[in-house]
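All remarks here apply to the structure that follows.
Starting from 1, each residue takes its place in the sequence as its number. Values below: every heavy atom of this structure, side chains too, minus hydrogens, waters and symmetry copies.
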Amino acid sequence: MNKYSLLGSVGVGLCLGWSGMSYAQPIIATSIKPVTMIVEAIAGEHAKVQQIVSNSASPHDFALRPSDVRKIHQADTVVWVGESLETFMEKALINADKFDSSIEWLTVSNMTLRHYSDDHDEHHDDHDKHHDDHDKHHDEHHDDHDKHHDDHDKHHDDHDKHHDDHDKHHDDHDEHHDDHDKHHDDHDEHHDDHAGHQGHNHDGVDPHVWLDPDNAVALAKAVMQKLTGLDPENQTHYEHNLSVFIDSVNAAEASISASMEESRKLNYIVFHDAYGYFESHFDIHPVDSISVNPERKPGAKKVTEIQSLIKEKSVQCIFTEPQFNPRIVSSLIEGTQVKSAQLDPLGVDIDLGPSAYPDFLMSLNKQIQSCL
């Protein structure tokens with residue numbers, strides 16, 4: 001190679017370096033928009049971020065498409081909230097061999113985790129009572145069924161030949177079950193290989209962790225460490241972005257805290273119990289939530305209970321969410337002076353960029369205050 005060819009190669013390399021060397025950028029797959037806000041703030045222009053759940057969808061009932069699965073396979077690492085929110089993620093991560101290398105937000109160090117209140121247990125008690133009644137009915141049905149069989153047994157002697165054929169069928173059926181059990185044993189063995197991944201089963205833990213600024217900082221630090229491991233040449237860049245991110249979150253937090261005095265006087269109801277981290281952090285308290293699980297319509301008992309609370313607690317506002325049909329809220333406030341406003345726990349309308357997460361916090365505060 002002559003010196004001109006060498007200089008040409010160096011020039012191309014410098015140009016690639018100046019443009020961010022996109023061919024060498026780490027690829028990070030994120031589950032939902034709040035995760036993307038934080039990951040992009042730390043990555044800047046030195047990593048490619050691909051979000052899995054579309055902004056208009058809810059992670060509570062999302063189903064992966066083939067294009068989403070490809071994002072997981074292509075990523076150097078995946079950042080997600082946790083199995084209790086994103087039930088569709090665990091199997092896909094295991095299949096792509098990305099489970100152990102992923103960042104599961106619920107397991108990150110220095111997290112503040114909120115457990116759902118005992119009020120939810122009352123809902124489960126009602127649910128369990130329904131099942132007990134169902135089991136009682138089921139048992140009574142079987143008692144009648146057994147009596148019928150006793151009467152029927154006297155006719156069975158004439159059908160021995162039929163039963164011999166039937167037994168042969170059962171032998172074949174048992175052989176099929178043995179194969180099926182073997183398949184399950186293989187599956188369990190595969191699952192046991194991943195049992196070392198600590199903490200991804202968070203029964204009773206509120207998974208909406210992104211609504212606490214302290215948890216956002218905890219994730220940002222974990223993302224910085226992961227990106228530094230993937231791309232050590234840009235460690236200084238990631239550390240600088242983390243510092244800027246923390247400062248901007250602190251500034252947003254201070255601004256919100258200073259404006260919360262009036263919001264603390266607001267008697268409001270939320271669409272579903274998603275805002276506990278934000279409410280605890282800023283010391284505001286809802287009267288109630290319409291639903292624990294936004295995928296399940298509240299029963300008649302819950303609707304009556306909320307209608308009573310609206311009167312008893314002088315509720316001023318009920319918040320809807322852009323991810324769900326607001327019809328139930330409209331029916332609850334019909335004929336009352338109660339206002340309705342939209343509260344978005346995913347920041348659908350927030351522009352991505354270095355300040356996206358603090359902007360998201362500020363927008364939540366603004367949405368709450370819109371009901372004052």
Side-chain angles (χ1 to χ4, degrees), residues 19-108 190-191 193-194 197 199-200 202 207-210 215-216 218-231 234 237-238 241 245 295 322-323 344-354 356-357 360:
S19 65
M21 298 184 71
S22 60
Y23 68 88
Q25 287 184 330
I27 299 174
I28 315 299
T30 58
S31 58
I32 59 174
K33 188 167 182 181
V35 175
T36 304
M37 293 176 188
I38 297 168
V39 173
E40 283 205 351
I42 307 305
E45 61 185 17
H46 288 273
K48 184 178 181 180
V49 182
Q50 297 183 327
Q51 185 175 308
I52 295 168
V53 181
S54 57
N55 290 335
S56 60
S58 166
H60 290 282
D61 63 349
F62 187 76
L64 290 171
R65 301 159 298 185
S67 59
D68 302 320
V69 175
R70 282 196 297 273
K71 289 176 184 177
I72 293 172
H73 278 267
Q74 293 168 358
D76 294 302
T77 193
V78 180
V79 187
W80 58 308
V81 177
E83 192 272 339
S84 56
L85 179 77
E86 301 141 343
T87 56
F88 54 89
M89 286 291 291
E90 183 173 359
K91 182 179 178 181
L93 287 168
I94 291 172
N95 290 342
D97 198 23
K98 299 291 171 71
F99 192 81
D100 293 328
S101 64
S102 69
I103 299 176
E104 185 182 4
W105 199 344
L106 288 173
T107 68
V108 166
H190 174 73
H191 195 272
D193 290 340
H194 295 275
H197 183 83
H200 74 271
H202 289 274
H208 303 86
V209 289
W210 62 91
N215 289 341
L219 178 63
K221 290 178 179 178
V223 169
M224 187 276 292
Q225 292 171 353
K226 176 66 74 172
L227 284 170
T228 297
L230 292 170
D231 182 23
N234 285 306
H237 173 87
Y238 300 133
N241 286 351
F245 178 80
E295 309 309 320
Q323 293 80 25
D344 181 10
L346 294 175
V348 169
D349 295 329
I350 300 297
D351 293 330
L352 290 172
Y357 181 77
F360 166 61

Is a donor on one side and an acceptor on the other found under 3.5 Å between the side chain of [X] and the backbone of [Y]?
| X | Y | value |
| --- | --- | --- |
| Glu86 | Val81 | yes |
| Gln51 | Val53 | yes |
| Lys226 | Ser102 | no |
| Trp105 | Asn215 | yes |
| Asp76 | Ile27 | yes |
| Lys98 | Val78 | no |

Trace of the side-chain contact (heavy atoms from CB on, under 4.5 Å) decision for Ile32 with Leu85: CA-CA 10 Å; Ile32 59 174; Leu85 179 77; 4.1 Å; yes
Audit row: Val223, Ile28, side-chain contact (heavy atoms from CB on, under 4.5 Å) steps and yes/no: CA-CA 10 Å; Val223 169; Ile28 315 299; over 6 Å; no
I need the minimum non-hydrogen distance between [X] and [Y], along with the two atoms involved.
| X | Y | answer |
| --- | --- | --- |
| Ala41 | Phe245 | CB-CD1, 3.7 Å |
| Asp231 | Pro26 | CB-CG, 3.7 Å |
| Ala92 | Phe88 | CB-O, 4.0 Å |
| Phe62 | Ile52 | CZ-O, 3.7 Å |
| Ser58 | Gln323 | CB-CB, 4.3 Å |
| Ala222 | Ile103 | O-CD1, 3.9 Å |

For Asp349, side-chain hydrogen bond (donor to acceptor under 3.5 Å, both in side chains) partners two or more places apart: none
By side-chain hydrogen bond (donor to acceptor under 3.5 Å, both in side chains) - contacts of Arg65 (at least two apart): Asp68
Residues in side-chain contact (heavy atoms from CB on, under 4.5 Å) with [X], at least two apart?
| X | result |
| --- | --- |
| Pro354 | none |
| Gln225 | none |
| Lys221 | Val217, Leu242, Ile246 |

To the nearest 0.5 Å, what is the distance between [atom1] on [X] and [atom2] on [Y]?
| X | Y | atom1 | atom2 | result |
| --- | --- | --- | --- | --- |
| Asn55 | Lys33 | CG | NZ | 4.5 Å |
| Leu93 | Thr77 | CG | OG1 | 9.0 Å |
| His60 | Ser84 | NE2 | OG | 9.5 Å |
| Gln25 | Glu45 | CD | CD | 8.0 Å |
| Met37 | Leu346 | CE | CG | 8.0 Å |
| Tyr357 | Ile350 | OH | CD1 | 11.5 Å |

Steps toward side-chain contact (heavy atoms from CB on, under 4.5 Å) verdict (Val79, Leu219): CA-CA 9 Å; Val79 187; Leu219 178 63; 3.9 Å; yes
Residues forming a ring pair (Phe, Tyr, Trp, His ring centres under 6.0 Å) with His237, sequence neighbours excluded: His46
Verdict with reasoning, Ile72 to Met89, per side-chain contact (heavy atoms from CB on, under 4.5 Å): CA-CA 9 Å; Ile72 293 172; Met89 286 291 291; 4.3 Å; yes
